[in-house]
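Working notes, beginning with the structure itself.
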Amino acid sequence: MGSRVWLVTGASGGLGQALVSEVLRAGERVIAVTRDDEPLQPLVAAFPGRLRTVSVDITDTGALRPVLDDAIAGAGRLDVVVNNAGYALPGPFEELDDTELRAQFEVNFFAAADVLRAALPHLRAAKAGRVLQISSPAGQIGALGMSGYTAGKHALEGLSVSLAAELAPLGIRTTIVEPGAARTAFRANWASRLSSSAALPDYLPVHEALARSAGAAGGQVGDPVRMARALVALAGMPSPPLRLPLGSDALAGIENALCAQLEELRRFAALSTSTDHTEAT
Ligand SMILES: NC(=O)c1ccc[n+]([C@@H]2O[C@H](COP(=O)([O-])OP(=O)(O)OC[C@H]3O[C@@H](n4cnc5c(N)ncnc54)[C@H](OP(=O)(O)O)[C@@H]3O)[C@@H](O)[C@H]2O)c1
């Protein structure tokens, strides 16, 4: 049957393309799902027969399933699924356009769910496999001016935590990956979506915070190639974690948020437990 086969979405650039490259270098095969496979052509040429590109809009549910079914059948097996495609919609919640908010969920949540629907029957049949869900620290913690993005990543993590419990007894391991800021087009892409002025003056501080963050592009600590290598290592671990932050910024941000959440949980424990029945049934 040959080497393991990975399926990676959002493969045309950034972390997705770095991952495709590292997987090929590791001697394995890839189905790269992308809207534009042009940037992948050098890798197709460099690794003959090991990289199959699939050009499709992952939000086109009707088109996605048959092309994924075809590609997996052509590869002969499927071992690792990586839901990586994603982007951020910036802006204070009250200023977000409803169509844009739903589009954010289509890419960051529903498309990932559709990819899983196509992939999981193959992993279940093999009683093995890995699911890597590329989330963000925003999948666990909030961020000023990023309610649409954090909501989508929280949804992806919620699905993934429950899915992990359903799949583990079937021999399939799931890891939620939470990259910190990485030097890809991600930040410039969301920065280009920023409106130049606050529609609601009350949210001027949120716009200013977003503009500061957008202006820090280029200084992200995360190296997408090193992140891709970590993902390859992760997919080879016999006992992978449920969650894996990538980058010192992701680790510190999540640790601080979890400590604060635990402290608050304990501080209000008396009120939380005050709602129990006072008599045993
Ligand atoms: N870079 C960061 O700072 C950072 C931090 C935390 C989490 N992440 C997460 O890491 C993942 C990869 O991001 P990246 O840093 O590699 O960013 P990127 O360079 O912008 O790449 C994201 C990929 O997602 C796909 N994509 C983006 N917008 C899309 C849309 N509207 N419809 C369909 N597909 C779309 C594109 O793939 P195709 O064009 O090939 O379809 C694109 O290459 C994302 O899920 C992101 O949320 C990134």
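First listed ligand is number 1; within each ligand, the first listed atom is number 1. Remember, predicted model here, so these are calculated numbers, not experimental data.
Within 6.0 Å of CD in Gln261 there are 12 or fewer heavy atoms belonging to other residues, nucleotides or ligands. The environment of CD in Gln41 is crowded: more than 12 heavy-atom neighbours from other residues, nucleotides or ligands sit within 6.0 Å.
Proximity to Gly13 (heavy-atom distance under 4.0 Å) selects the following atoms of ligand 1: 43 (O). Near Ser136, with a cut-off below 4.0 Å to any heavy atom, the atoms of ligand 1 are 6 (C), 7 (C). Residue-ligand proximity, Gly14 to ligand 1, at heavy-atom distances under 4.0 Å covers atoms 16 (O), 19 (O). Against a heavy-atom cut-off of under 4.0 Å, Asn189 is close to the following atoms of ligand 1: 20 (O). Those atoms of ligand 1 that come under 4.0 Å of a heavy atom in Ala85, given as number and element, are 24 (O), 25 (C), 45 (O). Every atom of ligand 1 is numbered from 1 in the order shown, and the set under 4.0 Å from a heavy atom of Leu15 is 16 (O).
Rounded to the nearest 0.5 Å, atoms CG (Leu156) and CZ (Phe110) are 11.5 Å apart. Considering CG of Leu96 and CG of Leu89, their distance stands at 5.0 Å, rounded to 0.5 Å.
Partners of Arg173 by salt bridge (Lys or Arg N to Asp or Glu O under 4.0 Å), not counting sequence neighbours: none found.
In this structure, Ser135 has a heavy atom closer than 4.0 Å to ligand 1. Assignment of Ile134 to the shell around ligand 1 is supported, since a heavy atom sits closer than 4.0 Å. Using a 4.0 Å cutoff on heavy atoms, Gly180 counts as a contact of ligand 1. Look at Arg183 and you'll find every heavy atom at least 4.0 Å from all atoms of ligand 1.
Ring centroids of Phe105 and Tyr149 are separated by 6.0 Å or more, keeping the two rings apart.
Proximity annotation for atom 28 (N) of ligand 1: of Arg35, Glu178, Gln17, Arg35 comes nearest, heavy atoms only. Closest to atom 6 (C) of ligand 1 by heavy atom, among Ala188, Ala250, Gly10, Pro179, is Pro179.
For ligand 1, none of its N or O atoms has an N or O atom of Asp36 under 3.5 Å away. Where the criterion is an N or O separation shorter than 3.5 Å, residue side chain and backbone included, Tyr87 fails it with respect to ligand 1. Taking distance alone, with nitrogen or oxygen atoms compared against 3.5 Å, Tyr149 approaches ligand 1 more closely than that limit. Checking only distances, Asn84 does come within under 3.5 Å of ligand 1, N or O to N or O. Residue contacts with ligand 1: Ala181 is placed with no nitrogen or oxygen under 3.5 Å of a nitrogen or oxygen of the ligand (distance criterion only).
Contacts of Ala182 with ligand 1, taken as heavy-atom pairs under 4.0 Å, involve both backbone and side chain. With a 4.0 Å heavy-atom cut-off, ligand 1 is reached by the backbone of Thr34 and by its side chain too.
Neither side chain, Glu157 nor Gln133, offers a donor N or O lying under 3.5 Å from an acceptor on the other. Side chains of His154 and Gln140: no donor on one and acceptor on the other come within 3.5 Å. Inspection of the Arg65 and Thr61 side chains reveals no N or O donor paired with an N or O acceptor under 3.5 Å. A donor atom on one side chain and an acceptor atom on the other are not found under 3.5 Å apart for Thr34 and Asp36.
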Run the side-chain donor-acceptor check on residues 222-240: report pairs under 3.5 Å with partners two or more places apart or on a different chain.
{"from": "Asp223", "atom 1": "OD1", "to": "Val225", "atom 2": "N", "distance (Å)": "2.9"}
{"from": "Arg229", "atom 1": "NE", "to": "Glu22", "atom 2": "OE1", "distance (Å)": "3.4"}

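Looking only at protein heavy atoms, the nearest one to atom 18 (P) of ligand 1 is Phe186 N, 4.0 Å. Ranking the protein heavy atoms by distance from atom 39 (O) of ligand 1 puts Ser12 OG, 2.9 Å first. Given atom 14 (P) of ligand 1, the protein heavy atom at minimum distance is Thr184 OG1, 3.5 Å. From the protein, the heavy atom lying nearest to atom 22 (C) of ligand 1 is Gly86 O, 3.5 Å.
Using a cut-off of 4.0 Å between Lys/Arg side-chain N and Asp/Glu carboxylate O, Glu100 and Arg193 are scored as not salt-bridged. With respect to Glu263 and Arg267, a salt bridge is recorded, a charged nitrogen being found less than 4.0 Å from a carboxylate O.
Of the candidates Thr175, Leu15, Asn83, Leu15 is the only one forming a side chain to side chain contact (heavy atoms under 4.5 Å, CB included) with Ile134.
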